[in-house]
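Written out below as structure tokens is the structure these notes cover.
To find a chain, count down the sequence lines: A is the first, B the second, and so on, and within it residues start at 1. Quick note: numbers below take in every heavy atom, side chains included, and nothing from hydrogens, waters or symmetry partners.
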Amino acid sequence: MKYNPNQIEAKWQKYWSENQTFKAANDSAKPKYFVLDMFPYPSGAGLHVGHPLGYIASDIYARYKRHKGFNVLHPQGYDSFGLPAEQYAIQTGQHPEKTTKENIARYREQLDKIGFSFDWSREVRTSNPDYYKWTQWIFIQLFNSWYNNDSDKAEDISTLTAIFEKEGNATVNAVCDEAIVPFTAAQWNAFSKEEQEKILLQYRLTYLAETEVNWCPALGTVLANDEIINGVSERGGHPVIRKKMTQWSMRISAYAERLLQGLETIDWSESIKESQRNWIGKSVGAAVTFNLKGHDEKVAVFTTRPDTIFGVTFMTLAPEHELVTKITTPEQKQAVDAYIEATAKRSERDRMADVKTISGVFTGAYAEHPFTKEPIPVWIGDYVLAGYGTGAVMAVPCGDERDYAFAKHFGIPIKNIFEGVDISETAYSDKENTVIADSDFLNGLDYKKATQKAIEALEQLGQGKGKTNYRLRDAVFSRQRYWGEPFPVYYVNDLPQMIETEHLPIVLPEVEKYLPTEDGQPPLGNATVWAWDTANHKVVSNDLIDHVTVFPLELNTMPGWAGSSWYWMRYMDTHNNEAFASEEALQYWENVDLYIGGSEHATGHLLYSRFWNKFLKDKGFAPTEEPFKKLINQGMILGTSAFVYRFTMGTDVLFASKNFIVEKDGQPGVYVAFDSAQNKYIITEQESDFVPVLKIHADVNLVNASDELDIDAFKNHALYQDYKNSQFIANENGKYIVGREVEKMSKSKYNVVNPDDICEQYGADTLRLYEMFLGPLEQAKPWNTAGITGVSGFLKKLWRLYFDDNGLIVTDNEPSKEALKTLHKTIKKVQEDIENFSFNTSVSGFMIAVNELSAAKCNERAILEPLAILISPYAPHIAEELWQALGNEGSISQVPFPVFDAKHLVESSKEYPVSFNGKMRFKIELPMDLTAAEIEKIILADERTIAQLNGNAPKKVVIVPGKIINLVG
RNA sequence: GCGGGUGUGGUGAAAUUGGUAGACACGCCAGACUUAGGAUCUGGUGCCUUCGGUGUGUAGGUUCGAGUCCUAUCACCCGCACCA
């Protein structure tokens, strides 16, 4: 019987589906284990071989855990709201829902072919109303909450209004907007309902605010900071500008400290944690206010070095700072205005790229030093960013490089306040070795003590206090798109009102066009039935809007990250209509034990998910503080692009092999001539007409493993019709060799390799093994099918341990000691490797085992049955087939993992390597139970030792029993 | 600039607490069986050479012994980037 992967795999995939083999129970006596993949966006291009890498790894782990007796939750779903479907809709008029459904069907088909053990009964789609009902519900919870710094958690807004009614807002320690006007209880109670609503918006965890946003004109939408790469949009690469708009925001800044501290408790890669720390950007220092001379205004600054306050010789404001126009003197007005205009013209990108140029203008105004009362000139400069801290700095040129450079450039005095330090060339920013001098009451103190004392003194003056600043900004939560979650919000007198949760979901309305409206409103502005009837609790026609009982609904939709910020909890109880998941389900599954996905989500999805999880924890819905205990980032699989080199001779178009490309004047070129004898172009040694070469992507499917192009197929390919009559200059073997380069796998580079083709040709088990065999999971690596025959051959060899041409050859004979040793060595290795996520090495472990067992002609059931279980997480189809062939009933998937027994590995003797000065010279077989002294005696008497030492006695003998012998001559 | 990571044969890569460097594969070479093979099987394969030497980016150090530990340095990749 031959190994026929296609037949076996179809059979078992059908079996698993029909028997719901991988359906997880919410009530099980077994310990739980939750293995999660980052769910895919179902794009039109389908899966390529890079997508399943993480899924295969998590599937191996999930299957292993089932063998180990865990109740495993291993679900899959789709992050199905998104821009590509919407853009396709704009182009074709096709409803994004239709495109999305088609794409999902294709994804599902591809995923099924790889044999994943997903519990599909729990599938989620973020674009399903059943799902986004709960995304809307969570939004409402956020709206109805505020962050209490005293209890250090989110609380219901009613606890805030209770305080307002009794004490006003003076005693409230909340995370809120900067510009809060104080009021008393009496004032609060006297406010109109609308005034109260406006104030509460400044405290809510999601709030409407006029914010400067990243506006992308080409996409007609707002982008979050992490959706912008190098100043252009992540999707499409369109330019982005700053613009003021009223937008929903999420007060993620309230959770900055908890998001930072939580990182210490989770098992994630250091690089991702570091990215998040960086993104949160905590800095500890002080807020200081400087009085302005001749003005009532004050300048607020944040500094991490309050200890250097006596070194302040000037201040710098960001050009956009609101005080600039107020304080600029008439003499300086022209220069300041010109500078502001010049800065505004420069794009964010230019400003970022150009760090070297020092520029700035004096405003003519002076601030007053809080202690010395000396005048301090106030400058503006674009090295100060409006968006960080207060948009103003106290400049201490002796202690900060940028201040130093600025002062030198404009001839501002530099005052040295460090003891024993030369600052004639550069600033001194070493905190640890700082000793303050020339600073009144701070003299002689180190950084820590001086900081503390400076803050105390500032507090006494009422001009400062200790403060911690975070780089993390609140996240804009509105998008001017169609294909996203609608907000459960309507407007009464421009004030947002939440729809009662029992009326959710608010379903996305139908529109004629998916573009923004002509008057610049978001696409939902095209909807004609998009008003909220507060009497009948339903969405009604816009014609009925009377601003009495029927009100307009929100036109923005939620961003892409809304639906993905809580989806793991929906898997716990997918079909619940009463809650996003039942309390019992949440208590049982708790959180994700293992999460596998790409590192590109480091500061997006992985941060927002932690934020929402913490919020839901505060409100008593989520059971744990952190959603993902362990995170593994799989490396990207890169494509290996193929290139052909096109050039022209007269009117002829020719292609030369990579081998023939030579460089000329730094340009690629070839030497080519027409050979009239052969009646074709040939490559010559001689330089003839130089013609520039054009590098063209050739579809990798037209190239074999030896980089040879199928020339006929190329000429007949629809893509290359222009080259139908071109000549190819072959090498001496008559082959055309393409050039290869590693690039990102992408449709436009024609380097996409499809998993379906691999499954078709070799089988899913081979694909699974090969993707794991490629190298360490977390490492980026180019896809190259060259080695796939190795794992394919391995599976055939495995099969032949069980079958010959006539059928099953497994016996019930007693296995040999050697076979048992191989088995148990493999159990140990595979178990350790899986637990360390070292899947590549366990594949070679299997190969070694099968090689050994084949060589020993092992066909005993006592070996081959456990072997099938061992390999089942990796190659589940063949494992099921072998398991069944051995006469077992049902699926192998829950069978206990073989237990390692060390007794089979005990050796009676060891082949010791004998080294001289650390270099191995010969080996000697010795019994294991010899002592070091006995070994030494034998070794010293050995003639090879005597020869190595020229008959001399060794200076030193190192013997580690069971390991090595080393002699020093 | 700061932070994180990676450097090992022709290629992908292995290597417990420091203990035989290159497991396992691909490729290549030779052979067997074949009309044939991109099927299957066997053997060989780090590099330089004749013994022997030499080898884990480079230069040092610690050690009986270093891919592994320490110091310096180079290259590449990723993230953040005038963060006060």
Q | Residue pair A:Leu702 / A:Ala713: nearest heavy atoms and the distance that separates them | A | CD2-CB, 3.8 Å
Q. Would you say A:Arg402 reaches B:rG1's phosphate, i.e. side-chain N/O to OP1/OP2 under 4.0 Å?
A. no
Q. Atom OG in A:Ser599, atom CD1 in A:Ile632: separation rounded to 0.5 Å?
A. 12.5 Å
Q: Go through the steps to decide whether A:Asp765 and A:Arg768 satisfy the test side chain to side chain contact (heavy atoms under 4.5 Å, CB included), and finish with yes or no.
A: CA-CA 5 Å; A:Asp765 285 337; A:Arg768 292 170 63 107; 4.2 Å; yes
Review item, nucleotides 46-53 of chain B N/O atoms under 3.5 Å of protein N/O:
none

Q) Now, which nucleotide makes the Watson-Crick or G-U wobble pair with B:rU42, with each of the two distances under 3.5 Å? A) B:rA30
Q.
Check this for me, if you would: do A:Glu274 and A:Arg277 make a salt bridge, where the nitrogen-to-carboxylate-oxygen distance has to be below 4.0 angstrom?
A. yes
Q. Can you tell me the Watson-Crick or wobble partner of B:rA23, both distances under 3.5 angstrom?
A. none
Q.
Base contacts versus sugar-phosphate-only contacts with protein, heavy atoms under 4.0 Å: please encode nucleotides 14-24 of chain B as B, S and - from 5' to 3'.
A. S--B-BB--BB
Q. Would you say B:rC64 has OP1 or OP2 under 4.0 Å from some side-chain N or O of A:Lys955?
A. no
Q. How many angstroms lie between NZ in A:Lys630 and CG in A:Asp267, if you round to the nearest 0.5 Å?
A. 3.5 Å
(Q) Salt bridge or not between A:Lys273 and A:Glu264? Use side-chain N to carboxylate O under 4.0 Å. (A) no
(Q) Let's test this: given Watson-Crick or G-U wobble pairing with both distances under 3.5 Å, identify the partner of B:rA15. (A) none
Q.
Please name the nucleotide paired to B:rA36 by Watson-Crick or G-U wobble geometry with both distances under 3.5 Å, or report none.
A. none
Q. Phosphate oxygens OP1/OP2 of B:rC41: is one of them under 4.0 Å from a side-chain N or O of A:Arg800?
A. yes
Q. So what's B:rC76 paired with, Watson-Crick or G-U wobble, going by both distances under 3.5 Å?
A. B:rG5
Q | B:rA84 - base-pair partner by Watson-Crick or wobble geometry, distances under 3.5 Å | A | none
Q) How would you label the contact of A:Asp400 with the nucleic acid (heavy atoms, under 4.0 Å): base, sugar-phosphate, or nothing? A) nothing
(Q) If the glycosidic angle sits within 90 degrees of zero it is syn, else anti. Tell me which applies to B:rG9. (A) syn
